[in-house]
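These numbers come from the heavy atoms of this one structure, side chains and all, not from hydrogens, waters or symmetry mates. All values derive from a computational prediction rather than experimental measurement.
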There are 2 protein chains.
Amino acid sequence: MMRPAHVESVAETFRMLGAQTRVRILDGLGEGELCVGDIAKAVGMSESAVSHQLRLLRTFRLVRVRREGRQAYYAVDDHHILELLNQARTHVEEGS
Amino acid sequence: MMRPAHVESVAETFRMLGAQTRVRILDGLGEGELCVGDIAKAVGMSESAVSHQLRLLRTFRLVRVRREGRQAYYAVDDHHILELLNQARTHVEEGS
DNA sequence: TGAACGTATGAGCAAGCGTTCATATATTAA
DNA sequence: TTAATATATGAACGCTTGCTCATACGTTCA
């Protein structure tokens, strides 16, 4: 059985992955880092909405930022996140 | 890039995993099937609340039921679900 | 048949979420 | 300095979520 503190963090991580827009953002970042404007174009959302979602993803350590001039380049924080996405996609594709 | 239909299903799956109570339920089911009353005791929730959550987990195919007399025995639907939990726990334990 | 038990469901409500819009901050260019 | 650009933030609003409480359903036993 999982430790209570872990239950909370695990649920938080999944909660971050539990919205289409954030899945699309992370999926877009799968190829490599992107700046906010490019993410917004890629997922078809306003830059403001993207920025709000990136803040959540940052807070819960699913992405990290690298600032360069006036741009902020975001990347998936660690390989486990992309593996979670892949695993879930496999689950979905297998239709069970 | 992920197909739009998959994005939706993947997000749905994660959304189901994104609540402490459901994580605890699934974690409890990791050892094997349990009936509703035993799940309720294990996670310290009312049977009604557990039943509501199990319905969600059933609807999105994270668990399956086997009815036997007046009990309903729930089990994790497939191994990917437990692997997702393990992967997320690893992510959390590594502290990054 | 009737009562008891295990589970499921519907309504209702407080809390949380995800967006938009307006505004603020930081950096670069003129 | 001022203007333009890229990003971040706060408030507000409608929608969703997760619970409780009451009730209903299906099964077993007397």
Student: Applying side chain to side chain contact (heavy atoms under 4.5 Å, CB included), can you list everything that pairs with B/Thr59, at least two apart in sequence or on another chain?
Tutor: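 Side chain to side chain contact (heavy atoms under 4.5 Å, CB included) check on B/Thr59 returns B/Arg55.
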Student: Suppose we screen for side-chain hydrogen bond (donor to acceptor under 3.5 Å, both in side chains). Which residues come up paired with A/Asn86, at least two apart in sequence or across chains?
Tutor: A/Arg89
Student: Can you tell me how far the CG atom of B/Leu29 sits from the CG atom of B/Asp77, to the nearest 0.5 Å?
Tutor: 11.5 Å
Student: Enter the inter-axis angle for the ends of the helix from C/dT1-D/dA30 to C/dA30-D/dT1 (five pairs per end, rounded to 10°).
Tutor: 20°
Student: Is there any ring-ring contact (aromatic ring centres under 6.0 Å, His included) pair reaching into residues 57-78 of chain A, and which pairs are they, with sequence neighbours excluded?
Tutor: none
Student: Using heavy atoms and a sub-4.0 Å distance, could you list which residues of residues 12-37 of chain B are near DNA chain D? By number, please.
Tutor: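 Output list: B/Arg15, B/Ala19, B/Thr21, B/Arg22.
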Student: Enumerate donor-acceptor pairs with a distance under 3.5 Å from any side-chain N or O in residues 40-54 of chain A to protein atoms, sequence neighbours excluded.
Tutor:
| from | atom 1 | to | atom 2 | distance (Å) |
| --- | --- | --- | --- | --- |
| A/Ser46 | OG | A/Ala49 | N | 3.0 |
| A/Gln53 | OE1 | A/Arg22 | NH1 | 2.7 |

Student: Distance check, rounded to the nearest 0.5 Å: B/Ile39 atom CD1 versus B/Arg24 atom CZ?
Tutor: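 Answer for the CD1-CZ pair, B/Ile39 versus B/Arg24, is 12.5 Å.
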Student: Rounded to the nearest 0.5 Å, what separates atom CD1 in B/Ile81 from atom NE2 in A/His91?
Tutor: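 B/Ile81 CD1 to A/His91 NE2: 4.0 Å, rounded to 0.5 Å.
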Student: B/Glu68: what forms a salt bridge (Lys or Arg N to Asp or Glu O under 4.0 Å) with it, not counting sequence neighbours?
Tutor: B/Arg66
Student: Nearest 0.5 Å please: distance from the CD atom of A/Gln20 over to the CE atom of B/Met2.
Tutor: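 Between atom CD of A/Gln20 and atom CE of B/Met2 there are 10.0 Å.
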Student: Which value, rounded to the nearest 0.5 Å, describes the distance between B/His79 atom NE2 and B/Leu84 atom CG?
Tutor: 10.0 Å
Student: Side-chain contact, heavy-atom cut-off 4.5 Å: A/Leu62 with A/Leu17?
Tutor: yes
Student: Work out which heavy atom in B/Ala72 is nearest to a heavy atom in B/Val65; give both atom names and the distance.
Tutor: CB-CG1, 3.8 Å
Student: Distance-only criterion, 3.5 Å: show the donor-acceptor pairs between side-chain atoms of residues 3-15 of chain A and protein atoms not counting sequence neighbours.
Tutor:
| from | atom 1 | to | atom 2 | distance (Å) |
| --- | --- | --- | --- | --- |
| A/Ser9 | OG | A/Ala5 | O | 3.3 |
| A/Thr13 | OG1 | A/Ser9 | O | 2.9 |

Student: Any residue in residues 65-76 of chain A with a heavy atom nearer than 4.0 angstrom to DNA chain C? Just list them by number, or reply none.
Tutor: A/Gly69, A/Arg70
Student: I need the B/Met16 CE to B/Leu57 CG distance, nearest 0.5 Å.
Tutor: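 Rounded to the nearest 0.5 Å, the CE-CG separation comes to 7.0 Å.
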Student: Give the first and the last nucleotide of DNA chain D, reading 5' to 3', that has any atom under 4.0 Å from a heavy atom of chain B.
Tutor: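 Nucleotide range in contact with chain B: D/dT17 to D/dT28.
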Student: Which residues within residues 39-58 of chain B lie with some heavy atom under 4.0 Å of an atom in DNA chain C?
Tutor: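 Listed by number, they are B/Glu47, B/Ser48, B/Ser51, B/His52, B/Arg55, B/Arg58.
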Student: Say whether B/Met1 and A/Val63 are linked into one hydrophobic cluster, either directly or through other cluster members, by side-chain heavy-atom distances under 4.5 angstrom.
Tutor: no
